[in-house]
Protein chains: 2
Amino acid sequence: MELHEPELRDVPVTAVLAALADDVRLGIVRTLAEGGEYACGTFEFGVSKATRSHHLKVLREAGLTRTRVAGTSRFVRLRREELDRLYPGLLDAVLAAPAPASAG
Amino acid sequence: MELHEPELRDVPVTAVLAALADDVRLGIVRTLAEGGEYACGTFEFGVSKATRSHHLKVLREAGLTRTRVAGTSRFVRLRREELDRLYPGLLDAVLAAPAPASAG
DNA sequence: GAGCTTGTTCGACGAAAGTCGAACAAGCGT
DNA sequence: ACGCTTGTTCGACTTTCGTCGAACAAGCTC
């Protein structure tokens with residue numbers, strides 16, 4: 001299966017912002033920002049796995065994450081370097097903001 | 001009339017991001033970022049005045065703008081200092097991104 | 001006050017987004 | 001092959017969002 005992972009510069013900045021403008025997705029990004037890879041099932045934010053899959057797709061198609069397929073699992077990681085290069089300070093500023101609820 | 005202008009720290013970061021995640025509103029912010037005050041009628045982005053008023057309300061209630069009433073006009077300005085203090089780098093990063101169309 | 005300008009508010013409408021359960025696909029173990 | 005795990009995709013539903021025209025409010029000028 002082909003995973004759609006666009007170049008970050010091809011994604012409108014409004015799409016990047018929209019991807020971050022959701023509590024569930026921002027929670028995922030906060031977790032990813034700690035570094036390393038996370039299987040999709042890692043993220044439990046009180047939503048069904050269908051919804052979780054949807055949010056991960058939004059993040060991926062906004063150019064924010066990279067996904068590696070391994071068996072039945074998919075490992076997601078944040079494209080932090082590219083993000084910091086194209087939008088220096090954006091991610092840090094967003095992550096520095098207080099989280100609304102249990103984000104882990 | 002009371003204008004609702006919340007403290008920026010009381011606005012969830014997702015609301016700030018959502019406010020910026022729209023082409024019309026980002027166009028307004030780009031204009032405001034040049035400094036000074038702008039009457040609401042300044043912003044012509046191919047939308048009706050009802051829609052323009054709506055977007056300005058979204059920006060104001062997200063804590064991004066400050067509005068001064070003067071006669072029949074309302075002058076809007078960006079709350080840049082507060083924004084840069086609470087989310088350092090965010091606005092610069094967003095504004096540095098290429099604009100999608102004529103944003104003036 | 002009449003008329004004009006500026007901007008907001010009120011439905012209404014269509015489009016988009018978030019959510020879910022159910023079905024499906026693919027890999028791993030035994 | 002069978003069952004289990006992991007994750008995606010498919011409707012469907014609800015809510016939110018962007019948009020507009022029309023009506024309204026407030027202030028200015030004559």
Side-chain angles (χ1 to χ4, degrees), chain A residues 1-5 11-29 31-32 37-77 100-101 103, chain B residues 1-6 11-29 31-32 37-62 64-77 100-101 103:
Chain A
M1 178 199 179
E2 279 298 314
L3 289 181
H4 183 215
E5 295 182 346
V11 179
V13 65
T14 47
V16 173
L17 293 169
L20 293 171
D22 178 277
D23 283 331
V24 175
R25 288 195 295 266
L26 190 49
I28 293 175
V29 170
T31 301
L32 293 176
E37 291 181 326
Y38 293 79
C40 298
T42 306
F43 311 105
E44 292 293 345
F45 293 97
V47 296
S48 72
K49 64 177 181 174
T51 302
R52 186 214 316 142
S53 186
H54 163 70
H55 285 309
L56 287 169
K57 183 179 182 182
V58 172
L59 288 173
R60 188 179 64 242
E61 296 189 340
L64 295 179
T65 60
R66 193 78 76 177
T67 302
R68 180 175 65 89
V69 179
T72 63
S73 296
R74 279 148 189 246
F75 291 94
V76 183
R77 67 180 188 279
Chain B
M1 177 197 178
E2 280 297 313
L3 289 181
H4 183 216
E5 295 183 346
V11 179
V13 66
T14 46
V16 174
L17 293 169
L20 293 171
D22 178 278
D23 282 332
V24 174
R25 288 195 294 268
L26 190 50
I28 294 174
V29 170
T31 301
L32 292 177
E37 290 181 326
Y38 293 78
C40 297
T42 307
F43 310 105
E44 292 293 347
F45 292 98
V47 295
S48 72
K49 64 177 181 174
T51 301
R52 185 214 316 141
S53 186
H54 162 70
H55 285 308
L56 288 169
K57 182 179 182 182
V58 171
L59 289 173
R60 187 179 65 243
E61 296 189 341
L64 295 179
T65 59
R66 194 77 77 176
T67 302
R68 180 175 64 89
V69 179
T72 63
S73 295
R74 280 147 189 247
F75 291 94
V76 183
R77 65 179 189 281

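Chain naming here is simple, since letters A, B, ... match the order of the sequence lines and numbering starts at 1 in each. If you're wondering where the values come from, they're calculated on a predicted model, not measured in any experiment.
Protein atom CG of A:D22 is 18 Å distant from nucleotide atom P of C:dA16, rounded to whole Å. Between B:K57 atom NZ and C:dC10 atom C1' the separation is 11 Å, expressed in whole Å. Straight-line distance from the CG atom of B:D23 to the P atom of C:dA16: 14 Å, rounded to whole Å. When the P atom of D:dT9 is taken as reference, atom CG of A:L56 falls 12 Å away, rounded to whole Å. Rounded to an integer number of Å, the gap from A:R68 CZ to D:dT6 P is 16 Å. The distance between atom CD1 of A:I28 and atom P of D:dG7, rounded to the nearest whole Å, is 12 Å. We find that CD of B:E61 is positioned 13 Å from P of D:dG18, with the value rounded to whole Å. If you measure from atom CD of A:E44 to atom P of D:dT6, you get 11 Å, rounded to the nearest angstrom.
With sequence neighbours excluded, no residue forms a side-chain contact (heavy atoms from CB on, under 4.5 Å) with B:T72. Applying the side-chain contact (heavy atoms from CB on, under 4.5 Å) criterion to B:K49, with sequence neighbours excluded, gives B:R52. Under the rule for a side chain to side chain donor-acceptor pair (under 3.5 Å), A:S53 has no partner lying at least two apart in sequence or in another chain.
Among residue pairs with one or both ends in residues 62-72 of chain A, those qualifying as salt bridge (charged side-chain N to carboxylate O under 4.0 Å, His left out) are A:E5-A:R66, A:E37-A:R68, A:R66-A:E82; sequence neighbours excluded.
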B:T14 and A:L26: CA distance, side-chain angles, deciding distance, side chain to side chain contact (heavy atoms under 4.5 Å, CB included) verdict: CA-CA 8 Å; B:T14 46; A:L26 190 49; 3.8 Å; yes
Full working for side chain to side chain contact (heavy atoms under 4.5 Å, CB included) between B:L59 and B:V29: CA-CA 9 Å; B:L59 289 173; B:V29 170; 3.9 Å; yes
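Of the side-chain N and O atoms in A:H55, one or more sit less than 4.0 angstrom from OP1 or OP2 of C:dT19. Listed pair A:R74 / D:dT8 meets the phosphate criterion, a side-chain N or O lying under 4.0 Å from OP1 or OP2.
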Below 3.5 Å is the cut-off: list the nitrogen or oxygen pairs between protein and nucleotides 25-30 of chain C, distance only.
none

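Residue A:A39 is in sugar-phosphate contact alone, with no base atom involved, counting any heavy-atom pair closer than 4.0 Å across all strands shown.
Across residues 46-54 of chain B, B:K49, B:A50, B:S53 each have a non-hydrogen atom less than 4.0 Å from an atom of DNA chain C (numbered order).
Put simply, CG on A:L56 and CD1 on A:I28 are 4.5 Å apart, with the number rounded to the nearest 0.5 Å. Between A:E44 atom CD and A:T31 atom OG1 the span is 11.0 Å, to the nearest 0.5 Å.
Side chain of A:R74 to backbone of A:T67: no donor-acceptor contact under 3.5 angstrom is found.
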